[in-house]
Amino acid sequence: AWFRQDPAAKKRLVIYAHGGLNSEADGIARARAMGRYFTGNGCYPLFLVWKTGILESIADMLRDRFAPKPGLAGWSLTDLSDPLIEKTLGRPAVRPIWSEMKENAQRSALSGRGGDLLVEALQKLAGTWGDDLEIHLVGHSAGSIILGAFLKLVVQRGLVARIASTHLFAPACSVEFANQHYAALPDIMAKLPACLIDGLKKRAEARAALLPAGAQQPDLDKDLTPRP
């Protein structure tokens, strides 16, 4: 309905994926604060609000580990004893929480999940507006991971031509992930700001400098280079 009321010839849709360690409430609050700026500039915003808060990520970790066991159906975080939680999360906590959050981002692209349903809706939108539809992707921090998984579906459904731009702010994905999900897509890389590519390479250089002597160094000229 918004596109039909918009007099502009181009119909611009912005898909924004927030970063990690944000609760669902935080994601919704951000959408409310930012939405009017997108619409004020002729873009309709679609915010991907996913549960990445610390408590939400901890709950997912415990569910993955204990839910399959008999007697734990319908359990809640408060049903587990403190020692059990400490045993599961007490060893460096930040790394497993971040890993759980990244896994959730990639699971969003599975059949019947949010990313899959979103791409189906975009196919219908593209069928209505054709070449007039522009899709702009914006990801912050771990939002680069959920968008990377999303792009795999975009390619499979033939929607790459509808992606007008991709902007990643402080992307929290690894260089390996960027190579697999972004650099492998020349049409997407052509629409990434050059400053982002340089930033990822500098990040990779900094990590390479920390590798022990004799360790294999990454080929930074080859990595993050659009592939034919």
Side-chain angles (χ1 to χ4, degrees), residues 1-20 27 30-31 34-35 37-39 41-50 52 102-169 171-197 200 224-228:
W2 192 86
F3 281 162
R4 296 189 188 282
Q5 297 171 4
D6 181 18
K10 290 293 183 181
K11 309 302 177 183
R12 297 181 174 89
L13 174 67
V14 175
I15 299 178
Y16 181 95
H18 66 71
R30 180 179 292 103
M34 297 176 64
Y37 295 103
F38 285 112
T39 55
N41 286 279
C43 302
Y44 186 84
L46 178 61
F47 294 90
L48 303 184
V49 177
W50 51 305
T52 63
K102 291 194 293 184
E103 287 178 8
N104 289 343
Q106 296 189 65
R107 288 173 186 159
S108 68
L110 296 177
S111 178
R113 299 290 183 90
D116 181 42
L117 299 177
L118 173 57
V119 174
E120 286 185 7
L122 293 178
Q123 285 180 289
K124 295 178 181 178
L125 200 61
T128 300
W129 296 104
D131 293 341
D132 290 336
L133 177 64
E134 290 184 358
I135 301 175
H136 300 268
L137 305 180
V138 181
H140 172 244
S141 185
S144 61
I145 300 174
I146 199 168
L147 288 183
F150 168 78
L151 280 173
K152 181 179 180 180
L153 297 178
V154 167
V155 172
Q156 292 174 351
R157 311 288 175 79
L159 289 173
V160 172
R162 301 279 68 79
I163 305 298
S165 69
T166 303
H167 298 267
L168 304 178
F169 299 98
C173 63
S174 66
V175 173
E176 180 182 6
F177 183 93
N179 282 332
Q180 293 176 352
H181 295 81
Y182 291 96
L185 304 175
D187 291 339
I188 297 298
M189 288 294 287
K191 300 166 185 176
L192 268 171
C195 59
L196 169 65
I197 299 173
L200 285 170
L224 296 175
T225 300
R227 301 172 186 177

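In this chain, residues are counted from 1 in sequence order. The structure presented is a predicted model; accordingly, all values stated were derived computationally and were not measured.
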Using ring-ring contact (aromatic ring centres under 6.0 Å, His included) as the criterion, list what pairs up with Tyr16, not counting sequence neighbours.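 Per chain and number, Tyr16 pairs via ring-ring contact (aromatic ring centres under 6.0 Å, His included) with Phe47.
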
State, yes or no, whether a side-chain contact exists between Ile163 and Leu137 at a heavy-atom distance under 4.5 Å.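 A side-chain contact exists here, since the closest heavy-atom pair is under 4.5 Å.
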
Could you state the interatomic distance from CZ (Arg30) to NE2 (His140), rounded to the nearest 0.5 Å?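 So the CZ of Arg30 and the NE2 of His140 are separated by 7.5 Å.
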
Is there side-chain contact between Val154 and Ile188, with at least one heavy-atom pair below 4.5 Å?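 No, every pair of side-chain atoms sits at 4.5 Å or beyond.
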
Minimum heavy-atom distance Ser141-Gly19, with the two atoms named: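 In this case the closest contact between Ser141 and Gly19 is CB-CA, 3.8 Å.
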
Evaluate the side chain to side chain contact (heavy atoms under 4.5 Å, CB included) criterion for residues Ile15 and Phe150: first the C-alpha distance (whole Å), next the side-chain angles of each, then the deciding distance (0.1 Å), finally the verdict. CA-CA 11 Å; Ile15 299 178; Phe150 168 78; 4.1 Å; yes

Mind jotting down which residue pairs meet the side chain to side chain donor-acceptor pair (under 3.5 Å) criterion with at least one end in residues 117-134? Sequence neighbours excluded, please.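 Qualifying pairs: Arg12-Glu134, Asp131-Arg162, Glu134-His136.
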
Less than 4.5 Å apart, any side-chain heavy atom of Leu151 and any of Leu185?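 Of all side-chain heavy-atom pairs linking Leu185 with Leu151, at least one is under 4.5 Å.
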
Supply the atom-to-atom distance Leu133 CG to Leu125 CG, rounded to the nearest 0.5 angstrom.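 The distance works out to 5.0 Å.
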
Going from CG on Leu147 to OG on Ser108, what distance comes out if it is rounded to the nearest 0.5 angstrom?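 It comes to 9.0 Å.
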
Which of parallel (below 30°), tilted (30 to 60°) and perpendicular (above 60°) describes Tyr44 and Trp2?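 Tilted: the ring planes of Tyr44 and Trp2 meet at 30° to 60°.
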
Set of ring-ring contact (aromatic ring centres under 6.0 Å, His included) partners for His181, sequence neighbours left out: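 Residues passing ring-ring contact (aromatic ring centres under 6.0 Å, His included) with His181: Phe177.
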
Looking at residues at least two apart in the chain, or sitting in another chain, which of them share a side chain to side chain contact (heavy atoms under 4.5 Å, CB included) with Leu110?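 For Leu110, the residues satisfying side chain to side chain contact (heavy atoms under 4.5 Å, CB included) (neighbours in sequence not counted) are Arg107, Arg113.
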
Between the main-chain N or O of Ala8 and the side-chain N or O of Asp6, is there a donor-acceptor pair closer than 3.5 Å?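 Pair found, side chain donor or acceptor close to backbone of Ala8.
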
For Asp116, enumerate each residue passing the side-chain hydrogen bond (donor to acceptor under 3.5 Å, both in side chains) test, keeping only those at least two apart in sequence or located in another chain.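 Asp116 satisfies side-chain hydrogen bond (donor to acceptor under 3.5 Å, both in side chains) with Arg157 once adjacent residues are dropped.
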
Tell me, yes or no, whether the heavy-atom count around Lys152 atom NZ, taken from other residues, nucleotides or ligands under 6.0 Å, exceeds 12.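 No, because the 6.0 Å sphere around NZ of Lys152 holds 12 heavy atoms or fewer from other groups.
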
Who passes side chain to side chain contact (heavy atoms under 4.5 Å, CB included) against Ala149, sequence neighbours left out?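 Expected list: Ala109.
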
Which atom names give the shortest non-hydrogen contact between Gly35 and Pro45, and what distance separates them?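 Closest heavy-atom pair between Gly35 and Pro45: O-CG, 3.9 Å.
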
Nearest heavy atoms of Leu117 and Gly112, plus distance in Å: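 Of all heavy-atom pairs spanning Leu117 and Gly112, the closest is CD1-O, 3.8 Å.
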
If you take all heavy atoms of Ala172 and Ala142, which pair is closest and at what distance?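 Scanning both residues completely, I find the closest heavy atoms to be CB-N, 3.6 Å.
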
Test Ile135 against every option in Leu159, Leu46, Leu122 by the side chain to side chain contact (heavy atoms under 4.5 Å, CB included) rule and name the one that passes.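 It is Leu122; the other options fail the test.
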
